[in-house]
Amino acid sequence: MTTRKEKIIIGNLKMNGSLDFYSSYFNDVKENLKNLNNVLIGLCVPYPYLFKAEEILKNSNIGWGSQNVAKFLSGAYTGEVSAGMLKDFLSLYVIVGHSERNTAYCESDENIADKFKIIKDQGMMPILCVGETLIEREAGIMETVVESQLKAIIERYGAKTFDDTIIAYEPIWAIGSDMAATPAQTNKMCKFIRNKINKNITNEVKNLKIIYGGSVNTKNALQLFALESVDGGLIGRASLDVSEFVSICKAATSVTKK
Ligand code: 13P
C-alpha cells in the first residue's frame, strides 16, 4: 500500500523499441534507479516485451505493465490480450483510455469503464487517462469533459472503485506537443478530479494517485511534481531516453523528501 505523499512515475513507451532496445533499456533503467527511494516507478511497454521486463526487472524497485487490455476475460476475441495473460508476466500496471487509443480505435467510455474494472478485479493497477482537447479547453468546458469521463466509471461501478488506482490527467493538446499544461492548469484539474471522485461518498477513496502527463521533460518535471495535488507523472517521449527518464524520477524523489 502506498502513501499519498509517495510520488509515482510511469513511463509510457507507446509503440516504440525492439527486443534489442528493451534488453539494454530495462538493464540501464534498473541500474540507474536502484538506489532511488520515496518514488514508485513503472514502465508500460508493448505486450511482446513484457517477458523481458519480467526477466530483467523482477526483484528490482521498478514495476511494469501494458498500455491496454481486453475487456473480456477470455474467448473468441481475435487479436486481444486478457488481464490474466498480463498477469502471467507479473504485470502490475495497465494504462486504460489513453487518448491515442480512443482516437485511433474509437474506444468508448463504456469499454474503458469495463477494462478499468477488469484490471482491478485481476489485482493490477489501472492508470486511467482523462483529458480534454484544445477546442474544449478554449471553450472553457475542460472540467465538464473530464467529469463526464470520470462519471462513466462512477456510474457503472461506484466512486470507491477508484481505491488503489491511478488517474492520469493528460490534456490531449499537451501530448507529443512540447506544450505541457502550466502548473496552475495542472494543479487545478488534479484537485478538481480528486474532489469530484470524493464528492458523494462518506469515506474518501484510498490510495488514489492523480498524476499528470503531456510533454513532461527534465525542464518542467520539478515544477509539476512539486504541486500539492500532483502525485507524479505519466511520461511519453522522455521515457525513451534512459538519462532523461532517470532525471525525471530523481525530480520526483527530490520533492517527496521535502
Ligand atoms: P509525451 O510525454 O510524449 O507528450 O506523451 C505523453 C503521454 O501520452 C503519456 O501517456
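Starting from 1, each residue takes its place in the sequence as its number. Counting starts at 1 for both ligands and their atoms, following the listed order.
For ligand 1 and E170, the ligand atoms under 4.0 Å from any heavy atom of the residue are 6 (C), 7 (C), 8 (O), 9 (C), 10 (O). Within ligand 1, the atoms closer than 4.0 Å to a non-hydrogen atom of L234 are 9 (C), 10 (O), numbered from 1 in the order shown. Residue-ligand proximity, S215 to ligand 1, at heavy-atom distances under 4.0 Å covers atoms 1 (P), 2 (O), 4 (O). Less than 4.0 angstrom separates some heavy atom of K14 from each of these atoms of ligand 1: 5 (O), 6 (C), 7 (C), 8 (O). Ligand-side atoms of ligand 1 in range of R237: 1 (P), 2 (O), 3 (O), 4 (O), range being under 4.0 angstrom from any heavy atom.
Aromatic ring pairs are classed by plane angle as parallel below 30°, tilted from 30° to 60° and perpendicular above 60°; the pair Y22 and Y25 is perpendicular. A tilted orientation is assigned to the rings of F162 and F116, their planes being inclined by 30° to 60°.
For the atom pair CD1 (I210) and CG (D231), the distance works out to 6.5 Å, reported to the nearest 0.5 Å.
A 6.0 Å sphere centred on NZ of K219 holds no more than 12 heavy atoms belonging to other residues, nucleotides or ligands.
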Query - salt bridge (Lys or Arg N to Asp or Glu O under 4.0 Å) between K151 and D109, intermediate numbers included - result: CA-CA 9 Å; K151 255 193 178 165; D109 280 353; over 6 Å; no
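Under a 4.0 angstrom heavy-atom cut-off, G213 registers as lying outside contact with ligand 1.
Proximity annotation for atom 4 (O) of ligand 1: of G236, A238, G176, G176 comes nearest, heavy atoms only.
With a 4.0 Å heavy-atom cut-off, ligand 1 is reached by the side chain of N12 but not by its N, CA, C or O.
For the residue pair H98/E170, the side-chain donor-acceptor check at 3.5 Å is satisfied.
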